[in-house]
Amino acid sequence: MRVRIEDVANQAGVSMKTVSRVLNNEPGVREATRAKVLETVAAMNYRPDPSARSLAGNRSYLVALLYDNPSPNYLMEILTGVVEACESHHYGMVMQPVSYHSPDFLDAIDSLVMSSRLDGLILTPPLTDSDALLDRLDQRGVPFSCISPKGREGRIGVTMDEHEAVCELMAHLIELGHRRIGHVRGHPDHGASEWRMAGYRSALRRAGLRYDPALVVDGEFSFDSGLAAGRQLLALAERPTAIFAANDDMAAGVMRAASELGLRVPRDVSVCGFDNTPISQQIFPALTTVQQPTRDMGQVATVQLLNAIRDRSAGRMVRMPYALQLRQSTGPVPK
């Protein structure tokens, strides 16, 4: 027999409205009462009826994660965090690919929002930086949360100081004696590509090293683009002794290119990436990288969205910490 909200309320000794407010994570409930209700919900294995909940609250209790990103490792980490936040707040979620350069992508998102009666959207790069999309959502009154947007003023979501993170990573390479350091840029539409490139140049400047445009090759945040960029950099007459790729997928591609040429990492060339996605420890040698708390970023961005759905004045832009992960793919400059 299905457990009803009335059963939970009776067992916990509170009103059905209080149970509803706890399940929707609304303010105004004493912590002791909230804890008792959640304990009762767990003990009775209560699951809210989505259709009844939607009708009662005039919401769908459904959000969507939108993406146009070639890195499956990054997306899976973001998705895991989004799902965790949705489950803990009793929300459903859908994951929807969007072709950022398609001429009708705004209409496609409009259609998705209306057909699914979405309460809000979580945007990943490069969608976070589409002025046309953000303006359309503002006009439609659709709540949304941004992950790593270029423009943060007046927005909610999550971000990180990627510029300083790259400066620290580059400082590690410079301390190892590297002076000729290559860089594989990310996709040109992503703010992360700009921040990481700026960090690369800042670190060179701080160390008194000259910027050489021949050592910078464009990528697209994919393994294949990292492989192509690695081949190009390592074919230079005076090749770099270290290469910083703007994400782990591209760094893995660079390591593949080095292997094709009979070069050993890090004996002949050091390689590092960014994100600390699972691939960073699945390749050999394990990759030196920046730990971007991608899973936590998906979770925090979702929580900020749900806060804004409940109260349009709530929700904020949260800055997350980072940490260097120094592993076996970087070593002293070759002698």
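Positions are given from 1 along the sequence. Note: hydrogens, waters and symmetry copies are ignored here, and every other heavy atom, side chains too, is used.
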Salt bridge between Glu77 and Arg295, side-chain N to carboxylate O under 4.0 Å?
no
Which atom pair, heavy atoms only, marks the closest approach of [X] to [Y]?
X      : Y      : answer
Gly92  : Cys86  : O-SG, 4.3 Å
Met160 : Pro293 : SD-CD, 3.8 Å
Thr330 : Pro266 : C-CB, 3.7 Å

Ring-plane angle category for His183 and Phe244, please: parallel below 30°, perpendicular beyond 60°, tilted otherwise.
parallel
Any heavy-atom pair between the side chains of Leu287 and Val271 that's under 4.5 Å?
yes
State which residues pass side-chain hydrogen bond (donor to acceptor under 3.5 Å, both in side chains) with Ser115; sequence neighbours excluded, sorted by chain then number.
none
Applying side chain to side chain contact (heavy atoms under 4.5 Å, CB included), can you list everything that pairs with Ala252, at least two apart in sequence or on another chain?
Phe223, Ile279, Ile283
Going by the rule side chain to side chain contact (heavy atoms under 4.5 Å, CB included), which residues pair with Gln232 if we only count those two or more places apart in sequence or in a different chain?
Val217
Which residue pairs pass the salt bridge (Lys or Arg N to Asp or Glu O under 4.0 Å) test with at least one member in residues 123-132, sequence neighbours excluded?
none
So which pairs with a foot in residues 168-177 pass salt bridge (Lys or Arg N to Asp or Glu O under 4.0 Å), sequence neighbours left out?
none
For His178, the ring pair (Phe, Tyr, Trp, His ring centres under 6.0 Å) test, sequence neighbours excluded, returns none
